[in-house]
Novice: 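Before we start, here is the structure in question, set down as structure tokens.
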Amino acid sequence: MGDYGTLSGHEIFKQAKLDAEIWAETVESGGERPRTIATVKDACIAYLQEKPGSIAEGVFRRHVNHDPIGMVKLDKLRRHHLRAWRRRLEETPALVSRNKIGQKQTKKRAKATVNRDMVPLRAALGRVIKPGEPNTDAAWQEALRPFKGADRRRELYLDREERKSLLDASDSAANPFIKALCLLPLRPGALASLRVRDFDKRTRSLTIGSDKNGKPRQITTPQSISAFLAKQVDGKASDAPIFARSDGSAWNKDAWKYPIKEAVKAAGLPAATTAYTLRHSVITDLIRARLPILTVAQLSGTSVAMIEKHYGHLVRDDAEEALATLFI
């Protein structure tokens with residue numbers, strides 16, 4: 001281990017042991033010492049390196065990196081640390097608008113939002129430390145349990161005529177993006193991330209590579225939707241957004257909500273209508289058309305369990321109607 005100079009015998013042993021452990025780490029990792037993950041913030045950084053994503057990155061940036069929880073050592077992390085962090089998260093107002101121009105609007109953070117914001121931290125910690133024994137202060141995971149019943153079923157539904165009136169009231173720049181929301185059961189963010197190269201005119205296939213579950217999937221579009229997509233990609237570079245704003249940039253949640261809000265008002269539709277209302281309405285129509293739940297889940301990029309949770313009542317209603325036809 002080399003010469004330890006003026007260190008005493010006990011100090012030499014202690015330092016040599018430490019150096020030997022570092023050397024062993026270097027050898028075991030192929031000559032490159034792995035990055036030390038000591039704090040909660042380190043765990044979040046390591047998580048993003050393995051699973052990059054804008055949602056997790058945003059949560060860590062806003063609620064972890066500069067919060068006291070970020071500096072807590074992983075081997076010292078206890079349930080009370082995360083309870084305090086969760087309390088701060090719940091008390092932080094949610095931004096209604098991130099528009100840099102004008103006064104920021106906020107609202108009380110909903111339980112469903114708290115649940116979503118806790119997911120990335122729970123995942124990051126779960127990768128580097130084991131859950132503690134239940135009902136002990138070491139059971140850090142207990143402080144991050146989601147609120148029950150917070151993810152309520154979406155009730156607002158627009159029928160085909162209402163969606164058509166929304167399209168008719170939308171401006172020319174936003175119209176293709178809104179129309180796509182009415183044609184495909186995709187999340188608005190996944191739709192906005194689509195690039196020209198993701199659509200194959202020959203096979204009429206659309207590859208959704210950026211979505212909540214992080215796994216690319218491919219869907220085959222019917223001729224009508226394929227023709228619509230072909231018109232959107234015509235003359236554009238392969239890396240250009242399929243649905244672009246007037247300046248050529250991709251849509252994002254701060255950009256699409258204002259045109260939709262204006263179109264909703266002009267069409268006389270419920271004020272609570274959002275981009276996600278359109279996704280919900282499309283999925284509802286697919287369920288009502290008796291498309292198998294598994295197929296709907298694959299098209300929309302979610303799980304069968306989530307479809308059953310939020311749309312199972314529609315299947316039960318259809319089953320009741322089918323049974324009613326058997327009456328003699």
Novice: What do the steps show when you test Thr302 against Ile283 for side-chain contact (heavy atoms from CB on, under 4.5 Å), and what is the final call?
Specialist: CA-CA 11 Å; Thr302 191; Ile283 292 176; 5.8 Å; no
Novice: Quick check: closest heavy atoms across Leu269 and Leu158, and the distance to 0.1 Å?
Specialist: CD1-CD1, 4.2 Å
Novice: Report yes or no: does Thr295 contribute a side-chain atom to a donor-acceptor pair with the main-chain N or O of Leu291 at less than 3.5 Å?
Specialist: no
Novice: For Thr92 and Arg88, indicate whether the former's side chain and the latter's backbone hold a donor-acceptor pair under 3.5 Å.
Specialist: yes
Novice: Without swapping roles, check the side chain of Arg86 against the backbone of Ala143 for a donor-acceptor pair under 3.5 Å.
Specialist: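 Yes, Arg86 side chain to Ala143 backbone: donor-acceptor pair under 3.5 Å.
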Novice: Could you walk me through whether Ser300 and Leu186 pass side-chain contact (heavy atoms from CB on, under 4.5 Å), step by step?
Specialist: CA-CA 5 Å; Ser300 56; Leu186 303 183; over 6 Å; no
Novice: Check whether any side-chain heavy atom of Leu294 sits under 4.5 Å from a side-chain heavy atom of Gln298, and report yes or no.
Specialist: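 Yes, close enough: below the 4.5 Å cut-off.
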Novice: Asn175 and Ser170: side chain to side chain donor-acceptor pair (under 3.5 Å), yes or no, with the steps?
Specialist: CA-CA 6 Å; Asn175 187 274; Ser170 63; 3.0 Å; yes
Novice: Might you point out which heavy atoms bring Gly189 and Ser193 nearest each other, and give the distance in Å?
Specialist: O-OG, 2.9 Å
Novice: Give a yes or no on whether a salt bridge exists between Arg109 and Glu91, defined as a side-chain N under 4.0 angstrom from a carboxylate O.
Specialist: no
Novice: Roughly how far apart are Leu77 CG and Trp85 CH2, rounded to 0.5 Å?
Specialist: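 CH2 of Trp85 is found 11.5 Å from CG of Leu77.
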Novice: Go through Ile293 and Glu308 one step at a time and tell me if the side-chain contact (heavy atoms from CB on, under 4.5 Å) criterion holds.
Specialist: CA-CA 8 Å; Ile293 285 182; Glu308 288 179 337; 3.9 Å; yes
Novice: Considering only heavy atoms from C-beta outward, does the side chain of Leu286 approach that of Pro185 to under 4.5 Å?
Specialist: yes
Novice: Go through the side-chain N and O atoms of Asp42 and Thr39 and say whether any donor and acceptor fall under 3.5 Å apart.
Specialist: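 Yes, a side-chain donor-acceptor pair sits under 3.5 Å.
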Novice: Between Arg61 and His66, is any pair of side-chain heavy atoms under 4.5 Å apart?
Specialist: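 Result no, sub-4.5 Å side-chain heavy-atom pair not found.
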Novice: Could you name each residue pair satisfying ring-ring contact (aromatic ring centres under 6.0 Å, His included) that touches residues 155-183, not counting sequence neighbours?
Specialist: Phe177-Trp251, Phe177-Trp256
Novice: Check whether any side-chain N or O of Glu133 sits under 3.5 Å from a backbone N or O of Ala139 as a donor-acceptor pair, and report yes or no.
Specialist: no
Novice: Which heavy-atom pair separates Pro146 from Met118 by the least distance, and what is that distance?
Specialist: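 The pair with the smallest heavy-atom distance is CA-CE, 3.9 Å.
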Novice: Of the non-hydrogen atoms in Arg217 and Leu299, which two are nearest, and what is the gap between them?
Specialist: NH2-O, 3.1 Å
Novice: Can you tell me if Arg204 uses its side chain to pair, donor with acceptor, with the backbone of Thr221 under 3.5 Å?
Specialist: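 Yes, the answer is positive, given that a donor and an acceptor are paired below the 3.5 Å cut-off.
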Novice: Output yes when a side-chain donor or acceptor of Ser281 lies under 3.5 Å from a complementary backbone atom of Thr277, and no otherwise.
Specialist: yes
Novice: Under 3.5 Å, is there a donor-acceptor pair between the side chain of Ser165 and the main chain of Glu162?
Specialist: yes
Novice: Determine whether Glu90 and Lys111 satisfy the following criterion, salt bridge (charged side-chain N to carboxylate O under 4.0 Å, His left out), listing intermediate values before the conclusion.
Specialist: CA-CA 8 Å; Glu90 292 174 11; Lys111 290 183 178 180; over 6 Å; no
Novice: Work out which heavy atom in Thr203 is nearest to a heavy atom in Thr220; give both atom names and the distance.
Specialist: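 That would be O-CG2, 4.0 Å.
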Novice: Is the shortest side-chain heavy-atom distance between Leu166 and Leu278 below 4.5 Å?
Specialist: yes
Novice: Do the side chains of Pro188 and Lys253 get nearer than 4.5 Å, heavy atoms only?
Specialist: no
Novice: Show, in sequence, the C-alpha distance, side-chain angles and deciding distance for Asp200 and Leu206, and conclude whether the side-chain contact (heavy atoms from CB on, under 4.5 Å) test is met.
Specialist: CA-CA 7 Å; Asp200 188 325; Leu206 184 65; over 6 Å; no
Novice: Would you call Thr207 and Arg197 a side-chain contact if the rule is heavy atoms closer than 4.5 Å?
Specialist: no
Novice: May I ask you to decide if Phe60's main-chain N or O and His63's side chain share a donor-acceptor pair within less than 3.5 Å?
Specialist: no
Novice: How long is the straight-line distance from CG of Asp159 back to NZ of Lys164, given to the nearest 0.5 Å?
Specialist: 12.5 Å
Novice: Could you tell me whether a side-chain N or O of Lys236 sits under 3.5 Å from a main-chain N or O of Ile242, the two making a donor and an acceptor?
Specialist: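 A pair under 3.5 Å: yes.
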Novice: Distance from Phe199 atom CZ to Ser226 atom OG, nearest 0.5 Å?
Specialist: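 Spacing of CZ (Phe199) from OG (Ser226) equals 3.5 Å.
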Novice: What heavy-atom pair brings Ala271 and Val264 nearest, and what distance separates the two atoms?
Specialist: CA-CG1, 4.3 Å
Novice: Which salt bridge (charged side-chain N to carboxylate O under 4.0 Å, His left out) pairs, counting each pair once, include a residue from residues 258-271, with sequence neighbours left out?
Specialist: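 Sorted pair list comes back empty.
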Novice: Is the closest side-chain heavy-atom distance between Ile45 and Ile37 below 4.5 Å?
Specialist: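 Result no, sub-4.5 Å side-chain heavy-atom pair not found.
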Novice: Identify whether the distance between the nearest side-chain nitrogen and carboxylate oxygen of Arg160 and Asp285 falls below 4.0 Å.
Specialist: no
Novice: Whether the side chain of Asp198 engages the backbone of Arg195 through a donor-acceptor N/O pair (distance < 3.5 Å, no angle test) should be reported.
Specialist: yes
